[in-house]
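These numbers come from a predicted model, not from an experiment. Below, all heavy atoms of this structure are taken into account, side chains as well, without hydrogens, waters or symmetry copies. By convention in this document, chain letters (A, B, ...) are assigned in the order of the sequence lines, proteins followed by strands, and residues within each chain are numbered from 1.
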2 protein chains.
Amino acid sequence: MRKGAETRERILDQAVRLASRDGLEGLTIGTLSTELGLSKSGLFAHFGSKDELQLQVLQATVQRFEETVIHPALSAPRGEPRIRAVFENWLAWENNPSMPGGCLLIAAAVEFDDRPGPQRDFLQEAHRRRFAFVAKAARMAVETGHFRPDLDVEQFSFDVTAIALGYHHLHRMLRDPKADARARATFERLMADAKACAFTR
Amino acid sequence: MRKGAETRERILDQAVRLASRDGLEGLTIGTLSTELGLSKSGLFAHFGSKDELQLQVLQATVQRFEETVIHPALSAPRGEPRIRAVFENWLAWENNPSMPGGCLLIAAAVEFDDRPGPQRDFLQEAHRRRFAFVAKAARMAVETGHFRPDLDVEQFSFDVTAIALGYHHLHRMLRDPKADARARATFERLMADAKACAFTR
DNA sequence: GACGGAATAGAACGATCGTTCGTATAGTTC
DNA sequence: GAACTATACGAACGATCGTTCTATTCCGTC
């Protein structure tokens, strides 16, 4: 019971690594087990099905995202500092060494957005929560007076998401070394707009 | 020689449809052939390998993108009108019925961005060309005086790309009916910034 | 130290994968 | 219409997929 949880974590760790490169469907029990020095059936017994393995991989990834991006940002002061913390942590997350093939949440979203099932349901919920978190942080920034009162906080959340996706694309597909600078430039423009009072706009 | 080209087109048409939902790797010669009423080996003979099939699917998709998004935009006047045409055509492209699973170029980019090979090379080149096209259109808008002279046209191209990716995410993963409005709102903010002279910024 | 359940291994299952081969059919060319 | 080539089919290949079953080994508890 103790040992099982340990190896299960080892399995999930490597599974996240593999899935980030080959996708959740490209993730294979055979290659995963041999890379870990386990037998196929031994590994399989931990999950009972590939669907369950995929789900647990997604759950582990979301948990890491929250630990890496969300929670640290919560210890930053409300308002602009927290917004900036989320953005910086998010950019860093995209280069997290536990996902050498790039953010698994983005890859899985594209892979499963048209395949009904528990994987898609879970991903939808996770992305929705993340979207709402950024919107809430923006709402707080309005309340603290850092952002203008008439800011559409959900539109702001969409804009931040778009920047992250654009960064992922430029960084991973085009391998553009300017990806970081481009994302930051757009973010600063977004921040300036969110802060500008209605008269100067 | 005549007949072969016809069925090859029929195959690619259905292949694009399937790949947009299941991914290029999830696209299977077996299911593709049965859906078309062909034999596996008969279909296979048209391409010689799955890699070649995937490549031709990508080529067909890029060609359609250019016919749907790029070429019509070229018949719009240089400057702001052409920029707007590209953006509108791009949004429409994301809902093209030939790709019921969403834009294959985005899906394939995420799927192959970490797998070296001819598929990735082709995708990289295609996305690079698209990026350059938008930048060039923005440069023309600067020359026509629609955009401010100090605009970073490549940054502008990045921003447009990010909006399209954000739209794709909100539309296909979150199924948010406001996706269209969100993308347009961000685009208008981007346009306003590109037009604003240095003093009012 | 014996017991019991959890953890792992090994072999095999049917299904499907991409691919090959030999053969029949359909189309084009003279 | 004969000759020829392009096109399509059917059967089979070895490999790998997820999964099942049985047997073995490990570990914590009395």
Side-chain angles (χ1 to χ4, degrees), chain A residues 1-60 108 111-112 115-120 122, chain B residues 1-60 108 111-112 115-120 122:
Chain A
M1 192 200 279
R2 191 106 207 113
K3 179 86 176 308
E6 267 179 38
T7 56
R8 224 198 46 147
E9 275 201 36
R10 248 183 66 230
I11 292 171
L12 285 179
D13 194 73
Q14 181 70 5
V16 169
R17 192 167 282 113
L18 273 184
S20 82
R21 202 184 12 167
D22 303 329
L24 269 179
E25 211 61 52
L27 172 65
T28 254
I29 296 178
T31 63
L32 181 58
S33 61
T34 55
E35 285 202 17
L36 287 164
L38 297 177
S39 65
K40 258 174 67 172
S41 54
L43 189 151
F44 184 85
H46 280 273
F47 305 96
S49 74
K50 188 179 182 184
D51 280 307
E52 182 60 24
L53 169 63
Q54 290 180 332
L55 263 177
Q56 294 205 22
V57 167
L58 286 177
Q59 287 169 359
E111 192 176 358
F112 280 92
R115 293 200 231 163
Q119 294 95 332
R120 184 178 73 163
F122 180 82
Chain B
M1 192 199 281
R2 193 105 207 116
K3 179 86 176 308
E6 267 180 38
T7 58
R8 224 199 46 147
E9 274 202 38
R10 245 182 68 230
I11 293 171
L12 286 179
D13 194 74
Q14 181 71 4
V16 169
R17 193 167 282 113
L18 273 184
S20 82
R21 202 186 13 169
D22 303 328
L24 269 179
E25 211 61 53
L27 173 65
T28 253
I29 296 179
T31 62
L32 181 58
S33 61
T34 54
E35 286 203 15
L36 287 164
L38 297 178
S39 66
K40 258 174 66 171
S41 54
L43 188 150
F44 184 85
H46 280 272
F47 305 96
S49 75
K50 189 181 181 184
D51 280 308
E52 182 61 25
L53 169 63
Q54 291 179 331
L55 263 177
Q56 294 205 23
V57 167
L58 286 177
Q59 287 171 359
E111 192 177 359
F112 281 92
R115 294 199 230 164
Q119 293 94 334
R120 186 178 72 163
F122 180 82

Point to revise | Set of salt bridge (charged side-chain N to carboxylate O under 4.0 Å, His left out) partners for A/Asp13, sequence neighbours left out | key: A/Arg17, A/Arg64
Check your understanding: Among all residues two or more places apart in sequence or in another chain, which pass the side chain to side chain contact (heavy atoms under 4.5 Å, CB included) test with B/Ser49?
Key -> B/Asp51, B/Glu52
**Study point:** For A/Gln59, side chain to side chain donor-acceptor pair (under 3.5 Å) partners two or more places apart
**Key:** none
Review point. Expressed in angstrom and rounded to an integer, what is the separation of A/Lys50 atom NZ from D/dT16 atom P?
Key: 15 Å
**Study point:** Evaluation steps, side-chain contact (heavy atoms from CB on, under 4.5 Å), between B/His46 and B/Gln56
**Key:** CA-CA 11 Å; B/His46 280 272; B/Gln56 294 205 23; over 6 Å; no
Check your understanding: Whole Å only: how far is the CG atom of B/Leu53 from the C1' atom of C/dT19?
Key -> 13 Å
Which atom pairs, one a donor and one an acceptor, fall under 3.5 Å between side chains of residues 23-34 of chain A and the rest of the protein, sequence neighbours left out?
| residue | atom | partner | partner atom | Å |
| --- | --- | --- | --- | --- |
| A/Glu25 | OE1 | A/Gln54 | NE2 | 3.4 |
| A/Glu25 | OE1 | A/Arg115 | NH1 | 3.1 |
| A/Thr31 | OG1 | A/Thr28 | O | 3.3 |
| A/Ser33 | OG | A/Ile29 | O | 3.0 |
| A/Ser33 | OG | A/Gly30 | O | 2.8 |
| A/Thr34 | OG1 | A/Gly30 | O | 3.3 |
| A/Thr34 | OG1 | A/Thr31 | O | 3.0 |

Exercise for review: Please identify each residue that fulfils side chain to side chain contact (heavy atoms under 4.5 Å, CB included) with A/Arg10, with sequence neighbours left out.
Suggested key: A/Thr7, A/Leu36
Revision key, fill the gap. Rounding to 0.5 Å, atoms CG (B/Leu53) and CD1 (B/Ile11) come to a distance of 8.0 Å
Practice item. Would you sort out whether A/Val57 and A/Phe47 count as a side-chain contact (heavy atoms from CB on, under 4.5 Å), showing the intermediate values? Key: CA-CA 11 Å; A/Val57 167; A/Phe47 305 96; over 6 Å; no
Review point. D/dG18 C1' sits how many Å from A/Gln54 CD, rounded?
Key: 11 Å
Study note, to complete from the structure: Atom CD of B/Glu6 and atom P of C/dG27 are separated, to the nearest Å, by 10 Å
**Study point:** DNA chain D-proximal residues of residues 32-48 of chain B, any heavy atom under 4.0 Å
**Key:** B/Gly37, B/Leu38, B/Ser39, B/Ser41, B/Gly42, B/His46
Exercise for review: Go through residues 8-31 of chain B and report each residue with a non-hydrogen atom lying under 4.0 Å from DNA chain D, sorted by number.
Suggested key: none
